[in-house]
Amino acid sequence: MSAVFGLADCNNFYASCERVFDPALEGKPVVCLSNNDGCVIARSDEAKALGVKMGEPAFKLRRLSAWRAIRVFSSNFPLYGDMSRRVMATLEDFTPNLEIYSIDEAFLDLSGFGDRSLSDYGNFICAQARKRTGIPVSIGIAETKTLAKIANRIAKKEARGAVDLTASLKLRRAALAATGVGDVWGVGRRGAEMLKSHGVLTALDLSTAPQAWVRARMSVTGARTRMELGGVPCLDLESQPADRKTALVSRSFARPVETLDDLGEAVAAFAAGGAEKLRKAGLAAGSVTVFIRTNPFSKTDPQHNNAATLALPMPTNHTAAITKTALTALRRIFKADRRYKKAGVLLLDLAPQGRTGGSVQGDLFAPRTDARGGRLMTAFDEINCKFGRGTIRYAAAGLKAAGGPGKRKNWRMNQAHRSPRYTTNWNELPIVRA
DNA sequence: TCTGGGGTCCTAGGACCC
DNA sequence: TCTGGGGTCCTAGGACCC
């Protein structure tokens, strides 16, 4: 039985949250702003129709002819977090397995629901979420996460509740053909530019591009995306959230900050906030990075960006210890006569409290088949992709195993001689044989 | 005048060990 | 024709995500 993924995504989430608490906003253009009311981070459909762009600076809103009609909100993240929990709790009732992917998105395990219409079931879930929380939700259904994203995008575009791409290959093909390569999950701006310059314009084009070519140009993540578009799942549902690896507290300043004292005050506040985050999560930091930067949009100010990382004497989540180290780092990077616009404290090397890391070694672990019985690509397959047989003078292939206690982390094999050294990571890339 | 905040992963290459 | 092989750990920078 093959896997089926649903991607449930709240429509215009923050704007929809504001509407739940003020139904008079229904049908009106609603916009939510970032911290400091800096730029637009959510728009209702009506606001989109007026030409409000994502990420647009708030002051530019006033240039729109219809700006007086737009209801503008400062962000209220505690509210959005609470609404998110309610939506997720609802979704949980309709699947045995749920992965909360972001504040407004969740992947649902819909495998084994094939005896009824998946799109009917999806529509039912959407209706229930709307009824119980007031938040409009759409669901994309497909054989892989990447395809489910595409299905969801279509659902939103066509103002449908659920879109199911599992029904026929023809349907999937049409969806891929109608999706620009830049709109594929995992393909960002740079990737899209590169692909377009080679004539790969749609998701369908990417799904049929030669695997080795994609692997060479877009690394293992791109190769995975390509396979997922073809219906081969490379990304699993992860219902257990992993421990966080970093924690960041940063802000843009409303006006430029110029003195070490003022900057220190801000950094101390960020450090305290970071320490509290860690305590809530039961984590401790091993080191602290402080960064400061001037306003990159300024055409007149001299620019300065800098950062420093300092190890803490021992892993901790105590405010005093983290603040002290953060301020030491700040003193190292501060430059007088600069107008700083943003600063932050990044806490690194997070580990569950009481455990300070260490490494485990054990038996060699080099899987050759994946969980579905497919053969996994080996490092030598990749070398041959890249250089072609017979041209290799020296190669080193690193295989990164799937981890887990008792498993050795890396397995490297050196062959032949002379550079270029070629290293690749092992990342469970399934190979489908014709 | 005014342009967000918080994350993850991958790669290349170096340092260092036996 | 001409060279060591195997392993761990770390970092900077880039790319991507919501």
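Just so we're on the same page: letters track the sequence lines, and every chain starts at 1.
The phosphate of C:dC16 (OP1 or OP2) has no side-chain N or O of A:R190 nearer than 4.0 angstrom. Distances shorter than 4.0 Å separate some side-chain N or O of A:K342 from OP1 or OP2 on B:dG5. In terms of phosphate contacts, A:T221 brings no side-chain nitrogen or oxygen within less than 4.0 Å of OP1 or OP2 of C:dC16. For B:dT8, the OP1/OP2 oxygens have a side-chain nitrogen or oxygen of A:T246 closer than 4.0 Å. When the side-chain nitrogen and oxygen atoms of A:K149 are compared with OP1 and OP2 of C:dC16, none of them lie within a distance under 4.0 Å. When the side-chain nitrogen and oxygen atoms of A:K245 are compared with OP1 and OP2 of B:dG7, none of them lie within a distance under 4.0 Å. Residue A:K277 places at least one side-chain N or O closer than 4.0 Å to OP1 or OP2 of B:dG7. A close approach under 4.0 Å does occur between a side-chain nitrogen or oxygen of A:S252 and OP1 or OP2 of B:dG5. Close to B:dG6, at under 4.0 Å from its OP1 or OP2, lies a side-chain N or O of A:R251. The phosphate of B:dT3 (OP1 or OP2) has no side-chain N or O of A:K53 nearer than 4.0 angstrom. Between A:R62 and the phosphate of B:dC2, there is no side-chain N or O to OP1/OP2 separation shorter than 4.0 Å.
The distance between atom CG of A:N76 and atom C1' of B:dG5, rounded to the nearest whole Å, is 16 Å. For the pair A:L235 CG and C:dC16 C1', the interatomic distance rounds to 13 Å; values are reported in whole Å. With rounding to whole Å, A:F77 atom CZ is found 11 Å from C:dC18 atom C1'. Distance, A:K145 NZ to C:dC16 P: 19 Å, rounded to whole Å. Here the P atom of nucleotide C:dC18 and the CG atom of A:D9 are 9 Å apart, to the nearest Å. Here the P atom of nucleotide B:dG7 and the OH atom of A:Y101 are 14 Å apart, to the nearest Å. The distance between atom CG of A:L346 and atom P of B:dG7, rounded to the nearest whole Å, is 8 Å.
The A:R224 side chain lies nearest to B:dC10 when the options are B:dC10, B:dG5, B:dT3. Picking from C:dC18, B:dC10, B:dT3 the nucleotide with the shortest atom distance to the side chain of A:E105 gives C:dC18.
Heavy-atom nearest nucleotides on DNA chain B were determined for A:F59 and for A:S219, and the one closer to the 5' end corresponds to A:F59.
Salt bridge present: A:E105 and A:K149 bring a charged side-chain N and a carboxylate O closer than 4.0 Å.
For A:D261 and A:T259, the side-chain atoms include no donor-acceptor pair closer than 3.5 Å. Of the N and O atoms on the side chains of A:T221 and A:S219, at least one donor lies less than 3.5 Å from an acceptor on the other residue. Using modelled atom types and a 3.5 Å distance limit, the side chains of A:T319 and A:R279 yield a donor-acceptor pair. Donor-acceptor pairing under 3.5 Å is recorded for the side chains of A:D45 and A:N12. Under the 3.5 Å distance criterion, with hydrogens and angles disregarded, a donor-acceptor pair is assigned to the side chains of A:Q303 and A:T294.
Using P as the reference atom, B:dT3 and C:dC18 are 25 Å apart when rounded to the nearest Å.
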